[in-house]
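A short write-up of the structure that comes next.
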Amino acid sequence: VIQRAAQDLLDSLSMHFSDPTSQLMALLEGISSREPWSIIHDTVATAAAMVVSREPSLMPTLFQEMAEMQDWEHLDPVLGTVAKRAELSPAYVNAYIEERPELADKLIEHCSNLYSFSIRRFALTALSHLRHINPDLGQALLYGCSGGTQGRH
Amino acid sequence: MSVIHEWMLTSSASVQSLLLRSVAQVLTDVDDQPWDDRRAECLQTLTEALIIQIRAGAEEICLQSLSTCIYHPDPPFTLIELLAMLLDQADPTRHRYIAALTLAIGRLAYKLKTTLIDLAPLQQEANLPSLFTKARQKVAAGDMSNVEELGSQLYTDLPNGPKDIARSLVRLIAKPTDDLLAVIAQLESLLSGDAPLSFQQEERALLAHLEEQVSALFNHSAHEVQIMAGAAVVRLLLPDEKHFHLG
């Protein structure tokens with residue numbers, strides 16, 4: 001249902017914007033963590049992942065947003081899109097991240113984000129699609145198992 | 001010049017901000033009432049006060065004042081109207097302000113959209129007459145005394161029908177009255193197959209206006225405004241959450 005809704009959203013959005021970069025930016029700006037994550041947010045993240053899937057040259061833009069975004073309110077949709085992208089095309093994302101190990105480190109870092117459950121969830125989801133496991137992932141999983149309380153002490 | 005305008009011109013920034021928040025709160029409070037002079041006056045006052053601030057370059061104050069309402073889970077219709085008016089009157093060179101206003105409009109417009117109810121699925125529900133009879137009997141017997149109970153009753157009694165729609169509809173039309181029998185009569189009239197065309201007309205008209213406003217900004221000279229217009233349009237294009245539950 002979400003995939004279909006995302007496709008419908010993209011079809012309608014294409015009537016307003018033909019440029020994939022604008023489509024991606026509009027989708028990422030369209031949601032924020034100020035609202036509870038819902039099926040609507042999943043739809044937007046799926047649509048954004050589909051845009052990146054159709055236009056592979058947007059991968060650096062998406063990962064750059066993930067690596068550089070300081071505003072945690074907008075990090076949710078970016079991480080949500082990365083997780084969805086990894087789910088849709090794991091091989092492609094694997095190949096991309098294997099050449100850029102700093103991105104896997106960044107995902108691990110987000111696994112212990114203090115402010116957002118969604119960010120931790122999406123970072124773990126994205127990591128779960130990687131073929132090579134970074135040793136630090138164990139620490140991130142332990143953090144997740146502890147309910148995210150370690151970082152607060 | 002009203003007292004509020006005088007205060008706006010003479011007070012410190014923090015007092016101005018508080019003042020604007022208070023007026024915005026009054027707007028929220030009057031939103032359940034039908035359009036009247038008080039609501040119109042309030043809206044006018046707040047718009048003028050905000051415009052004074054914007055012209056004075058105090059856009060931050062205005063946006064902060066409104067930000068308390070922007071994430072409102074059930075934003076007042078009046079507030080959305082106000083943002084639309086502000087966007088209509090905004091100086092096109094104030095990019096940051098226009099971008100923030102556009103994004104806020106997108107957020108609130110989506111919430112407005114979710115309040116729109118498509119009556120057609122309910123109108124096709126064959127059991128409605130017997131449901132209404134049952135509801136009337138329960139009210140008469142004192143088994144039902146408030147709107148939530150009426151909504152829950154319909155929710156339980158509809159076998160396969162669009163339960164959430166029925167519940168939302170009850171809440172919506174019950175706003176001006178607590179008289180359950182009147183609500184049931186109104187519900188019957190709306191669902192009788194010749195529902196008045198004016199149902200939620202005000203909301204639909206505002207939504208259409210917002211779509212036009214936002215679309216007009218796609219070609220704005222500032223990139224940040226274009227992106228926010230895109231973000232707003234994403235919100236407007238999103239399906240209502242009910243869509244997923246109805247499957």
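For the numbers below, each heavy atom of this structure counts, side chains included, while hydrogens, waters and symmetry mates do not. What you see is a predicted model, and the numbers here were worked out from it, not measured in a lab. Chain identifiers are assigned alphabetically (A, B, ...) following the order of the sequence lines, protein sequences preceding nucleic acid strands; residue numbering begins at 1 within each chain.
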Open item on the list: Side chains of A:Leu88 and A:Gln3, heavy atoms from C-beta outward: is any pair under 4.5 Å?
Closed with: yes
Open item on the list: I'd like to know if the side chain of B:Tyr110 reaches the main chain of B:Pro239, judged simply by a donor and an acceptor atom lying under 3.5 Å from each other, with no hydrogens or angles considered.
Closed with: yes
TODO: Please confirm whether the backbone N or O of B:Leu236 pairs with a side-chain atom of B:Lys113, one donor and one acceptor, at under 3.5 Å?
DONE: yes
Task: Side-chain donor or acceptor of B:Gln226 paired with backbone N/O of B:Asn219 under 3.5 Å - done: no
Task: Neighbourhood of chain B inside residues 23-31 of chain A, taking heavy atoms under 4.5 Å as contact - done: A:Met25, A:Ala26, A:Leu27, A:Glu29, A:Gly30, A:Ile31
Open item on the list: Under a 3.5 Å threshold, yes or no: a donor from one side chain and an acceptor from the other, between A:Arg120 and A:Ser116?
Closed with: no
Open item on the list: Is the distance from the ring center of B:His95 to that of B:His223 below 6.0 Å?
Closed with: no
